[in-house]
Amino acid sequence: QVQLVESGGGLVQAGASLRLSCGASGRTFSRYTMGWFRHAPGKEREFVAAITWSGGSTNYADSVKGRFTISRDNAKNTLYLQMNSLTPEDTAVYYCAARTTWTLITRAGDYDYWGQGTQVTVSS
């Protein structure tokens, strides 16, 4: 089992950057495919990005491709999401998620573990 804790959210202006972090407990972090999702008010939870256990494969939602970068440091049990050129449409609570698998997965229902979320607010 793994526990996930997100951090790094905040209030920024459009065009700014933020880096989210997701710290994971447990000794098997490197076995997990990790993902980032977001949930904005009035909208469904949305896939943002995912990364395999080795970091060798990644996948991004079209809405963030070219602006966001997912990465991980298995030695530090930490997942990251670098967010650049933020827009008000990126405003949401951001969650990290984990599943013990070798494959890249993008569906929220396929993840087993979730963090509590961190709020990102982008003002215009």
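The structure displayed is predicted, hence computed values, not measured ones. Sequential numbering from 1 along the given sequence is applied to the chain's residues.
The two residues Asn59 and Thr106 come nearest to each other via the heavy atoms ND2-CG2, 3.5 Å. For the pair Asn77 and Ser25, the tightest heavy-atom approach, listed with the atom from each and the gap, is ND2-C, 4.5 Å. Across all their heavy atoms, Leu81 and Ala49 have their closest contact at CD1-CB, 4.3 Å. The shortest non-hydrogen separation linking Ala98 to Val2 is CB-CG1, 4.2 Å. Heavy atoms only, all atoms of each residue included: Ala108 and Trp114 are closest at O-CZ2, 3.4 Å. The two residues Pro88 and Ser124 come nearest to each other via the heavy atoms CG-CB, 3.9 Å.
At a threshold of 4.5 Å between non-hydrogen side-chain atoms, the residues Leu79 and Trp36 count as touching. Contact check for Met83 versus Val120: side-chain heavy atoms found under the 4.5 Å cut-off. Annotation: side chain of Val122 is not in contact with side chain of Glu89 (no heavy-atom distance under 4.5 Å). Between Val5 and Gln3, the closest side-chain pair of non-hydrogen atoms is not below 4.5 Å.
Listed for the Thr78 side chain is a donor-acceptor partner under 3.5 Å among the backbone atoms of Lys76. With hydrogens and angles disregarded, a donor-acceptor distance shorter than 3.5 Å links the side chain of Glu6 to the backbone of Cys96. Using a distance-only test at 3.5 Å, with no hydrogens or angles considered, a donor-acceptor pair links the side chain of Asn74 to the main chain of Trp53. Side chain of Thr52 to main chain of Ser57: a donor-acceptor pair is present (N/O by atom type, distance under 3.5 Å, no hydrogens or angles). Judged by distance alone, the side chain of Arg99 and the main-chain N or O of Asp110 form a donor-acceptor pair under 3.5 Å.
Hydrophobic clustering of Ile, Leu, Val, Met, Phe, Trp and Tyr side chains at less than 4.5 Å, counting indirect connections, unites Leu20 with Phe68. Residues Tyr113 and Val48 share a hydrophobic cluster, clusters being chains of Ile/Leu/Val/Met/Phe/Trp/Tyr side chains in contact below 4.5 Å. By the criterion of side-chain heavy atoms lying less than 4.5 angstrom apart, applied directly or through intervening Ile, Leu, Val, Met, Phe, Trp or Tyr residues, Tyr60 is grouped together with Leu86 in one hydrophobic cluster. Hydrophobic clustering, with ILVMFWY side chains joined whenever heavy atoms are under 4.5 angstrom apart, groups Met34 together with Leu18. The hydrophobic clustering, which links ILVMFWY residues whose side-chain heavy atoms are closer than 4.5 Å, places Tyr80 and Leu4 apart.
Atom NZ of Lys65 and atom OG1 of Thr58 lie 9.5 Å apart (nearest 0.5 Å). Atom OH in Tyr32 sits 11.5 Å away from atom OG1 in Thr101 (nearest 0.5 Å). The distance from the OG1 atom of Thr69 to the CZ atom of Arg19 is 11.5 Å, given to the nearest 0.5 Å. Here CG of Asp112 is found 7.5 Å from CD1 of Ile105. Values are rounded to the nearest 0.5 Å. Atom CZ of Arg67 and atom OG1 of Thr87 lie 5.0 Å apart (nearest 0.5 Å).
In this structure, a donor-acceptor pair under 3.5 Å is present between the side chains of Tyr94 and Arg38.
Using cut-offs of 30° and 60° on the angle between ring planes, the pair Phe47 and Phe37 is perpendicular.
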